[in-house]
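Index from 1, following the sequence. Just so you know, ligand 1 is whichever comes first in the structure, and atom 1 is the first atom listed for that ligand.
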Amino acid sequence: MADLEALAQAIINGKAPEAKELTEKALAEGVSAAEILNNGLVAGMNVVGTKFKNNEFYVPEVLIAARAMKNAMEVLRPQLAAGGVESKGKIAIGTVRGDLHDIGKNLVAMMLEGAGFEIQDLGVDVKPEQFVEAVKNGAKVVGLSALLTTTMPAMKETIEALKAEGVRDKAYIIIGGAPVTQNYCDEIGADGYSPDAASAVDKVKELLKI
Ligand code: B1M
């Protein structure tokens, strides 16, 4: 019988082949993709997020868990699309213009994907116009990451570009990265700041009221 608890545990323990195998087994037994996603993958990543917040897990454990989740998602994604399972919303995320740091941004993206959101990862050195385009294409949340004090102003420039194109109010903007603070968030008029990947998930849920 499909064991979604074991699947969640495989994600928590970062066992990628096992996570993929259990996902395939559950699908073969007729468990719906939505159930596997919610009670297996998302349940596992929720535990990972909590452990990370409580300093029981560090970056390597989260990366390994996220890799296991990605493996399982490869099996599940086509089924989710075919079954018309709705994502919780589209999020465009990227490291802002001039900045090449992506480890933290990738963690945030993986945690958000693990929480059931559709992620458009724009990569690093992302120009304000690219974020504007993403919002025009339906992103409900824009995630900006910056690791350098010299690239933080690109966050403000991105918000200005969204305003100039008349789409600022079409998406929530969340920001993060080591030098970024709540004060800076307030100063540039972003909608939310998160100090880490797990809180980014909470912040997005809070903003989208889900
Ligand atoms: Co760079 N680097 N780096 N670097 N680098 C820092 C950031 C630095 C603090 C090192 C130092 O001097 N002590 C310093 C910045 C100083 C400053 O501006 N205050 C620095 C510098 C100066 C530079 C260069 C300019 C060095 C040079 O060339 N002279 C250069 C810049 C290149 C560029 O971007 N244009 C540079 C280059 C690099 C590498 C390419 C070598 C490499 C990046 C590799 C990569 O990312 N693929 C690198 C690295 C690895 C670092 C350090 C060592 C580690 C960063 C990291 O990945 N941390 C860093 C020093 C440090 O932080 N100890 C440093 C782990 C990661 C999980 O944490 O990214 O903070 P973090 O993400 C966290 C949170 O911040 C938050 O959640 C994440 C998970 O909890 N978060 C978000 C992040 N984004 C978020 C978005 C959100 C919400 C939360 O919402 C959207």
Side-chain angles (χ1 to χ4, degrees), residues 12 14 45-67 69-70 87-128 130-135 139-162 168 170-208 210:
I12 298 163
M45 281 309 277
N46 278 344
V47 175
V48 173
T50 307
K51 284 185 181 286
F52 183 58
K53 247 192 263 177
N54 296 338
N55 292 325
E56 291 169 52
F57 267 18
Y58 295 97
V59 170
E61 283 105 327
V62 178
L63 286 176
I64 292 166
R67 190 187 55 189
M69 187 204 72
K70 286 225 149 193
S87 95
K88 288 196 176 127
K90 189 164 154 190
I91 301 180
I93 187 166
T95 306
V96 296
R97 180 163 60 196
D99 201 320
L100 303 176
H101 296 84
D102 68 356
I103 299 169
K105 181 266 295 171
N106 291 345
L107 267 180
V108 174
M110 287 172 190
M111 294 295 286
L112 287 167
E113 184 174 21
F117 293 94
E118 180 191 347
I119 301 301
Q120 182 184 9
D121 189 343
L122 299 172
V124 296
D125 190 17
V126 181
K127 296 178 190 63
Q130 292 173 267
F131 287 109
V132 169
E133 198 56 32
V135 173
K140 292 280 163 269
V141 177
V142 169
L144 309 176
S145 179
L147 261 288
L148 300 169
T149 45
T150 49
T151 56
M152 282 167 63
M155 293 179 149
K156 185 167 189 260
E157 287 156 20
T158 301
I159 295 177
E160 296 304 330
L162 289 164
R168 167 64 185 93
K170 291 201 181 304
Y172 291 107
I173 300 167
I174 64 156
I175 63 171
V180 178
T181 60
Q182 181 62 52
N183 272 348
Y184 188 66
C185 172
D186 299 340
E187 191 186 313
I188 66 172
D191 299 304
Y193 155 75
S194 332
D196 57 57
S199 330
V201 174
D202 297 339
K203 182 55 71 182
V204 167
K205 286 183 175 170
E206 180 193 314
L207 289 169
L208 294 175
I210 50 179

Listed by chain and number, what are the side chain to side chain contact (heavy atoms under 4.5 Å, CB included) partners of Ala197, not counting sequence neighbours? Phe52, Leu107, Val108, Met111
Short side-chain donor-acceptor distance under 3.5 Å, Ser199 and Asp196: yes
Under a 4.5 Å cut-off applied to non-hydrogen side-chain atoms, are Glu61 and Val48 in contact? no
Show your reasoning for whether side chain to side chain donor-acceptor pair (under 3.5 Å) applies to Asp186 and Gln182. CA-CA 6 Å; Asp186 299 340; Gln182 181 62 52; 2.9 Å; yes
Short N-O contact, Lys203 and Asp191, less than 4.0 angstrom: no
Within the protein, residues bringing a heavy atom under 4.0 Å of ligand 1, chain by chain: Phe52, Val59, Gly98, Asp99, Leu100, His101, Asp102, Ile103, Gly104, Leu107, Val108, Gly143, Leu144, Ser145, Leu147, Leu148, Thr149, Ile174, Ile175, Gly176, Gly177, Ala178, Ser194, Pro195, Asp196, Ala197
Near Lys156 NZ, under 6.0 Å, is it more than 12 heavy atoms from other residues, nucleotides or ligands? no
